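Just so it is clear, the model here is predicted, and its values are computed rather than measured. Just so you know, ligand 1 is whichever comes first in the structure, and atom 1 is the first atom listed for that ligand.
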Amino acid sequence: MENKYENLFSEIEKKILVLIIQAKIMDDLTDIRNKYLSKKGEFSALMNKIREADDKKAFGEAYNFARRKIETALSEKLAEFQKAALNEKLHAESIDITLPGKNYNVGVMNPFYKVKREIEDIFVGMGYTVENGPEVDTDKYVFELLNIPKDHPARDMQDTLYIDDNLLLRSHTSSVQAHVMEHANGKPIKIICPGKTFRRDDDDMTHSHQFAQVEGLVIDKNINLGNLKATLELFAKKMFSKDSKIRFRSSYFPFTEPSVEVDVSCFNCKGKGCSVCKGSGWIEILGAGMVHPNVLKMSGYDPEVYSGYAFGIGIERVAMLRYGIDDIRRFYQSDVRFIEEFNKKDED
Ligand code: DAH
C-alpha cells in the first residue's frame, strides 16, 4: 500500500545512503550518525513534522521505515570496516614461515659447577648444611686454630699468597672449620663448605694455583671413624658408581688424629687396574680424619665429651675423574667447545 509520506523522507534518505556508501573510515559513519540521526540530527528533526500530519500513524511508519533503512546501511558499512580492519591486523601479524629462523645458543653449565652442585646435593641429602667462609683470611683461622703453629713444617706444603704477615688467601677450606666452631658455641656441627682455595702448587696438569674444595665437619658426642667411613662410602657410591668401595690409608694432617687418605675403587676398571687408576685399582680422592683434640680444645669443645670427623674433597679432582679430564686448567679457560662436550656426555 502506498504511503503518502514516503516522499517526505526519500530525498534525505537517499542523500544519507550515498554518504554511507562514500564513507572511507569508521569516523565518517560516526559523523553521519551525529549529523542526521542524533536527537537533534537533520533526519530526526523531520519527526517534528508529525504534528502537522493528518495521518500520524502513516507518518510514523514512513519515518521508521526510512530510519531503519539508514540504520541497516550504517551497520552493514560498519561491519565492512571492522572486517577490513581485522584482515589488515591478521595480515600484519602473519608469520612468514619461509624466513630462516634465528639461531639461539643455549648456555650449558661448566662441569665444575655440575660436580660442585652434585657434591652439595649428596651431603645436603645426608643432613648437612652448606656454609661459607672468607677466601681471604687470617693466619689464626687458616693455620693456628688447625693445630699448625707458626714455623710448623706443614706450612711449607700450603704456601700461598700473603696480603700482609697476617692476612692470606686461604690454602684450604679447612679454615672454615674454626669459624664454624666459633659460631656454634660448643653445640654439635654438621656442615660442608665448598669454596676456592689458593696454593703454590702448579707442578703438573692436575694442579693449579687456584682450585676448589668441599670441606666437611661433623662434631657431636660419640662420633667415630666408622661414621666417617660410612659417610664417605655413601658419597663415593652416589658420586661415582653404585658398587664403589673406599679404603683408608693412614696419613698425616696436623688437624686430624688419626688422619687418612681416602681411595675409591676404580670405577673405570672395577679394580682390575687401568690407565685411570694407574694400574692400582684405586684412586685417591680426598683427605680426612678425626678432628684433633687440640683443634677441639682451641675452639671450645671438650675432647673428652665431643669428637668429630672432617674431610676435604677437591672439586676439580672429582670432576676430572668423573669426566676423564686431563688438564685442570680447562675448567677455567671458558672454552665453549670444552663445556659443550660435557652436556653431550651427560645425554649419553
Ligand atoms: N685441608 C686438606 C688439604 O688441603 C684436606 C683435608 C684433609 C681436610 C683432612 C680435612 C681433613 O678436613 O680432615 O689437603
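- With a 4.0 Å cut-off on non-hydrogen atoms, A288 touches ligand 1 through its backbone and not its side chain.
- Counting protein heavy atoms only, atom 2 (C) of ligand 1 is closest to F255 CZ, 4.0 Å.
- Seen from the ring of F81, K77 counts as a face-on cation partner, given the 6.0 Å and 45° thresholds.
- Interface of H172 with ligand 1, defined as ligand atoms under 4.0 Å from a residue heavy atom, comprises 1 (N), 4 (O).
- No donor-acceptor contact under 3.5 angstrom links the side chains of Q213 and T197, judged on distance only.
- One N or O on the side chain of K237 and one on the backbone of S244 form a donor-acceptor pair closer than 3.5 Å.
- If you look at R199 next to ligand 1, the close heavy atoms, those under 4.0 Å, all belong to the side chain.
- Here H179 and Y141 bring their ring centres to under 6.0 angstrom of each other.
- Near T256, with a cut-off below 4.0 Å to any heavy atom, the atoms of ligand 1 are 13 (O).
- For Y332 and E316, the side-chain atoms include at least one donor-acceptor pair closer than 3.5 Å.
- Shown in contact with F253 at under 4.0 Å from a heavy atom are these atoms of ligand 1, numbered in order with element: 7 (C), 9 (C).
- Annotation for ligand 1: atoms under 4.0 Å from non-hydrogen atoms of G289 are 13 (O).
- Protein heavy atom at the shortest distance from atom 5 (C) of ligand 1 is G312 CA, 4.1 Å.
- Listed by number with element, the atoms of ligand 1 under 4.0 Å from a non-hydrogen atom of Q177 are 12 (O).
- When only modelled atom types and interatomic distance are considered, S307 and Y301 share no side-chain donor-acceptor pair under 3.5 Å.
- Atoms of ligand 1 lying under 4.0 Å from at least one heavy atom of G287, given by number and element, are 6 (C), 7 (C), 9 (C), 11 (C).
- The protein non-hydrogen atom at the shortest distance from atom 12 (O) of ligand 1 is E215 OE2, 2.5 Å.
- The distance between the ring centers of F9 and F59 falls below 6.0 angstrom.
- Annotation: H172 is not in aromatic contact with F253 [ring centroid separation under 6.0 Å not met].
- Assignment of Y309 to the shell around ligand 1 is not supported, since no heavy atom sits closer than 4.0 Å.
- Ring centroids of Y36 and F43 are separated by 6.0 Å or more, keeping the two rings apart.
- The protein atom (non-hydrogen) at minimum distance from atom 1 (N) of ligand 1 is S174 OG, 2.9 Å.
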